[in-house]
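Note that the structure is predicted; figures quoted are calculated from it, not measured. In the text below, chain A, chain B and the rest are named by the order of the sequence lines, each starting its count at 1.
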Protein chains: 2
Amino acid sequence: MEDTLRRKYELRAELFKALAHPMRLHLLELLRDRTWCVCELAAAAGIDKSVASKHLSQLKAVGLIADERRGTLVEYRLEAPCVLEMAACAEAAAARSLRERLGGAEALA
Amino acid sequence: MEDTLRRKYELRAELFKALAHPMRLHLLELLRDRTWCVCELAAAAGIDKSVASKHLSQLKAVGLIADERRGTLVEYRLEAPCVLEMAACAEAAAARSLRERLGGAEALA
DNA sequence: CCTCATTGTTGCAATGTTTCGAAACAATGT
DNA sequence: ACATTGTTTCGAAACATTGCAACAATGAGG
C-alpha cells in the first residue's frame, strides 16, 4: 500500500517533469492544431534537431504525444488534449502567484 | 512579442517543475484537507525537516501553497485547488500511457 | 530579563540528474 | 550511391536533491 502510493506519486512526477521545460511546452503548443515533423518543429522553435528529438522523445515517453513515420519524416501529434488545459491552468496560477509575489504592479498581460 | 511568449513558457515550466517531484506531490496531497505545520509534514512524509522546508518553499515560490506563522509553528495551506485536479488528470494520463506502453498487461490498479 | 526547548530556515558539500551541441549513426526514398 | 530526416552517443556545464550542522525566531518558565 505504501509502495503503491509512492509509485503513484512517482508516475505523476514523471509526467510533470516532462512538462517542466519551456521548450517542451512550446513544442506541445505547436502540436495543438496539427501534426508536425521533427524538422519543422526544430525550425519553428529555433533549436537543433537533435535537441528537438530528445524533447519529443521525453514527451512521448509519458504518453503526451505519439509519433508516426511517414517516409523519411516522423510526424508527431498531441495525444493527451487535457495537457493543454493543464498548461492554461498552470499559467493562470503562475500569473496570479507572480502578481501577488511582486505586489501586483508590473508584467503579465 | 517573442519575449512575451518565451516568458509565458518559462512561467509555466517553473510551475510544472515545482510539481515534478514525488515528495512535493505527496506534501500537496497532505495539504488537501487542512493546514499542516512543517514538522507534521516531515513526520508524515518520513523526511528531514530541512528537506520538507525546502520542498515547501519551492511550492510556495510558485504560489501553490501559502504559509502563516502561528507561534513557534509555521502552518502551510493549499492555495491553488486546481493543482489537485491537474494531478489527477496527470495520473490518469500517465496510467493510460503506461498501460499502452507496456501492452496493457500489468500494474496500475 | 535571561535561558531554554521547540520549530523552521539556510549554508554547505556530496551526489545525482538534465540539458546542450556536435558528431556519429540509422532509416528511408530517389 | 546519395540526400534527407531522425535518433543516439559523448562530454561539459548547469541544476537539483539530500542530510547535517549552524543559525534564527518564537514562546514558556524561572
Kindly say if [X] contacts the phosphate of [N], meaning a side-chain N or O under 4.0 Å from OP1 or OP2.
X       : N      : value
B:Tyr76 : C:dT7  : no
A:His55 : C:dT18 : no
A:Gln58 : C:dT18 : no
A:His21 : C:dT17 : no
A:Ser53 : D:dT7  : yes

Taking [atom1] from [X] and [atom2] from [N], how many angstroms apart are they, rounded to a whole number?
X       : N      : atom1 : atom2 : value
A:Glu14 : C:dT17 : CD    : C1'   : 13 Å
A:Met23 : C:dT19 : CE    : C1'   : 12 Å
B:Glu68 : D:dT26 : CD    : P     : 14 Å
A:Leu25 : C:dT19 : CG    : P     : 12 Å
B:Lys60 : C:dT10 : NZ    : C1'   : 13 Å
A:Asp67 : D:dT7  : CG    : P     : 7 Å
A:Tyr9  : D:dT17 : OH    : C1'   : 20 Å

**Request:** Report which part of the nucleic acid A:Glu75 touches: base, sugar-phosphate, or nothing (heavy-atom distance under 4.0 Å, all strands).
**Result:** nothing

**Request:** Give me the residues of residues 26-40 of chain A where at least one heavy atom lies under 4.0 Å from an atom of DNA chain C, by number, or none.
**Result:** none

**Prompt:** Can you list every pair that meets ring pair (Phe, Tyr, Trp, His ring centres under 6.0 Å) and has a residue in residues 20-53 of chain B, with sequence neighbours left out?
**Reply:** A:Tyr9-B:His26, B:His21-B:His55

**Request:** Please identify each residue that fulfils side-chain contact (heavy atoms from CB on, under 4.5 Å) with B:Arg69, with sequence neighbours left out.
**Result:** B:Val74

**Complete:** Residue set satisfying side-chain contact (heavy atoms from CB on, under 4.5 Å) with A:Lys54, at least two apart, ordered chain then number -> A:Ser50

**Request:** For nucleotides 21-30 of chain C, just jot down a letter per nucleotide in 5' to 3' order: B, S or -, based on protein non-hydrogen atoms under 4.0 Å.
**Result:** BBB----SS-

Can you list the residues that meet the side-chain hydrogen bond (donor to acceptor under 3.5 Å, both in side chains) rule with [X], with sequence neighbours excluded?
X       : answer
A:Glu29 : A:Arg32, B:Arg12
A:Arg77 : none
B:Glu75 : B:Thr35

**Request:** Could I get the full list of salt bridge (Lys or Arg N to Asp or Glu O under 4.0 Å) partners for B:Arg34, not counting sequence neighbours?
**Result:** B:Glu40

**Item:** Presence of salt bridge, A:Glu14 and A:Lys17, under 4.0 angstrom
**Value:** no

**Prompt:** Are A:Leu73 and A:Leu30 connected, step by step, through hydrophobic side chains (Ile, Leu, Val, Met, Phe, Trp, Tyr) whose heavy atoms are closer than 4.5 Å?
**Reply:** no

